[in-house]
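To start, the structure under review is shown below, and the notes come after it.
The model shown is predicted, which means the values in this text are computed figures rather than measured ones. Throughout, a chain's letter reflects where its sequence line sits, starting with A, and its residues are numbered from 1.
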Number of protein chains: 2
Amino acid sequence: MTDSQPDLRERTRRAVQKEIAEAAHALFVERGYEETTVGDIAAAVGMSQRSVFRYFPTKEDLIVGKFDLVADDMLRVLRERPAGEPVWESMRRTFDLLVPYVDAPGRRQVAEPMQRIVFSTPTLLAGYLQKLQLLQDAADTALRERAAAAGAPYRAGDPTPRAIIGAAFACLLAAQHAWLADGAEGTFAAAIDRAMTTVTPVTDMR
Amino acid sequence: MTDSQPDLRERTRRAVQKEIAEAAHALFVERGYEETTVGDIAAAVGMSQRSVFRYFPTKEDLIVGKFDLVADDMLRVLRERPAGEPVWESMRRTFDLLVPYVDAPGRRQVAEPMQRIVFSTPTLLAGYLQKLQLLQDAADTALRERAAAAGAPYRAGDPTPRAIIGAAFACLLAAQHAWLADGAEGTFAAAIDRAMTTVTPVTDMR
DNA sequence: GTCGAACTTGACATCGACTGACAAGTTCGA
DNA sequence: TCGAACTTGTCAGTCGATGTCAAGTTCGAC
């Protein structure tokens, strides 16, 4: 058993948060993201606009907010990968954490429209890309530490780790595009595998 | 001779635009991007806030606006690359268009602080990444057309072109980071070359 | 049970980016 | 020189986001 009762307050907070997010998603799908006002969302759940911002720091977070938590987990997974493992493989295993959010039973119905909204709304796409970039920054630090600990540190101005990490994330994005282009048939995991075999690091170990 | 006098109105417009941008840059460097109001910029050049928005659609464009024009040129260069050329090489040659903006004599003094501002300001970074993404979308289309014209089209759901293009842009970003991390010593062109040798497409021709 | 601290909420005000509308002035060519 | 086209400032308004304050509401110590 994990933490069963993480405080009543926290539980109701999560519940309200979920309610807001779901109302927002419904409106976004119905009218579009830009066309939906935070006031509209507030009205839909019967609270003030001010209160919506008490649960979500920005309107963007109503859609891409949960990603921050996943990103933390991904970073943890990456750090726990064995030091001798090829970087490309470490990245692939890190992306595994994303898979259940899409491939788990019943998940596709939610994930597909969300991804379509993100990729078709400029400001949301920008926000998403920025979050990916932050994660890449952290991954870069992690891999440099790992290399240093293994006695083969990268020079500060060596583009290698960032380039490899960036290429891996580019494959992730290509996988998302391909998955959507194919009408979300097949598993997301397979899409990632396919994308990550089209590109490869030149020397993948340290 | 190119177009020597593209209309007086257009010339003065460009001049005013440049004046606004330079005033903005000065303020951004001095106080930071978020801390500078569009009203401040307007006051600095002695016009109304409304008029600044007549020359630049958004505050972001005061910094990353010129990139749109360069992106058009890059796309044109990419399309003019020979059909049989390896994609990775085509991308590298496309990036050549960026080089003079940084490596040309006297350019570094301007380019370096700008890049630092972009990479350290979340909203600017997001905007920049989104513009790169748009360019990648267009490049994806271009390369698919090129492959189709050569009699070896990609399947709609094939992640290959996007993955390779994305990897190339990841190297570009890694090059920028590395260049900045090294204090902008050396040429940007060399930084790109270094980054683009760390990763490579698996099969690079169609 | 009760009381006070901690938390939550709505209401109001403000800021900054941005947009529409209008009126006044400037420029340019027929 | 006259009128169309363009530019500008001003004003008002929208929307996302933040600070403040005065109600409640909840929760634990007593």
Side-chain angles (χ1 to χ4, degrees), chain A residues 5-21 23-25 27-28 31-65 68 117-118 121-128 130-131, chain B residues 5-21 23-25 27-28 31-65 68 117-118 121-128 130-131:
Chain A
Q5 302 291 92
D7 190 344
L8 173 60
R9 279 232 173 84
E10 192 56 23
R11 262 191 304 155
T12 63
R13 181 176 173 79
R14 297 284 176 199
V16 175
Q17 215 164 32
K18 189 176 173 185
E19 192 189 340
I20 298 174
H25 294 177
L27 288 175
F28 290 160
R31 302 185 207 170
Y33 178 80
E34 303 282 8
E35 292 71 25
T36 305
T37 268
V38 178
D40 295 340
I41 299 164
V45 284
M47 46 163 61
S48 70
Q49 184 230 39
R50 189 67 181 86
S51 284
V52 172
F53 279 113
R54 287 192 173 106
Y55 285 90
F56 293 90
T58 71
K59 184 184 177 185
E60 252 184 57
D61 280 85
L62 284 164
I63 290 226
V64 291
D68 287 341
I117 290 181
V118 171
T121 308
T123 145
L124 278 179
L125 179 57
Y128 177 56
Q130 192 223 335
K131 281 177 191 296
Chain B
Q5 302 292 92
D7 189 344
L8 172 61
R9 281 234 170 83
E10 192 56 24
R11 261 192 305 156
T12 62
R13 180 177 173 78
R14 298 282 174 201
V16 176
Q17 213 163 33
K18 189 176 173 186
E19 192 189 341
I20 298 174
H25 293 177
L27 289 175
F28 291 160
R31 304 184 206 170
Y33 179 79
E34 303 282 8
E35 292 71 26
T36 305
T37 267
V38 177
D40 295 339
I41 298 164
V45 283
M47 44 161 61
S48 70
Q49 185 227 41
R50 189 68 179 87
S51 283
V52 172
F53 279 114
R54 286 192 174 107
Y55 285 90
F56 293 90
T58 70
K59 183 183 177 184
E60 253 183 56
D61 279 86
L62 285 164
I63 290 228
V64 291
D68 287 341
I117 290 181
V118 171
T121 308
T123 146
L124 278 179
L125 179 57
Y128 177 57
Q130 192 222 335
K131 281 177 190 295

Are any of the side-chain heavy atoms of A/Asp40 and A/Glu35 separated by less than 4.5 Å? no

Given A/Glu60, which partner from the list A/Leu62, A/Thr58, A/Ile63 fulfils the side chain to side chain contact (heavy atoms under 4.5 Å, CB included) test? A/Thr58

Once you round it to whole Å, what is the distance between C1' of D/dG16 and CG of A/Asp61? 13 Å

Mind running side-chain contact (heavy atoms from CB on, under 4.5 Å) on B/Leu27 and B/Tyr33 for me, showing each step along the way? CA-CA 8 Å; B/Leu27 289 175; B/Tyr33 179 79; over 6 Å; no

Runs of at least three Watson-Crick or G-U pairs with DNA chain C, cut-off 3.5 Å: C:1-30 with D:1-30

Nearest heavy-atom approach of B/Gln49 to B/Gly39 is CG-N, 4.2 Å

Heavy atoms only: give me the nearest A/Asp61-A/Phe56 pair and the separation to one decimal. O-CD2, 3.7 Å

Walk along nucleotides 14-22 of chain C from 5' to 3' and tag each nucleotide B, S or - by protein heavy-atom contact under 4.0 Å, base first, then sugar-phosphate. --SSBBBB-

Candidate pair B/Lys18 and B/Tyr55, rule side-chain contact (heavy atoms from CB on, under 4.5 Å), full reasoning: CA-CA 10 Å; B/Lys18 189 176 173 186; B/Tyr55 285 90; over 6 Å; no

Is B/Ser48 touching bases, backbone alone, or none of the nucleic acid, heavy atoms closer than 4.0 Å? base

A/Tyr55 near the nucleic acid: base, sugar-phosphate alone, or nothing, with a heavy-atom cut-off under 4.0 Å? sugar-phosphate

Less than 4.5 Å apart, any side-chain heavy atom of A/Gln17 and any of A/Arg14? yes

Look at atom CZ of B/Arg31 and say whether more than 12 heavy atoms of other residues, nucleotides or ligands are closer to it than 6.0 Å. yes

Walk along nucleotides 23-30 of chain C from 5' to 3' and tag each nucleotide B, S or - by protein heavy-atom contact under 4.0 Å, base first, then sugar-phosphate. ----BS--

Should we say atom CZ of A/Arg13 is surrounded by more than 12 heavy atoms from elsewhere, each under 6.0 Å from it? yes

Would you mind reporting whether B/Val52 and B/Lys59 have side-chain heavy atoms less than 4.5 Å apart? no

Respond yes when some side-chain nitrogen or oxygen of B/Ser51 is under 4.0 Å from OP1 or OP2 of D/dG9, and no when none is. yes

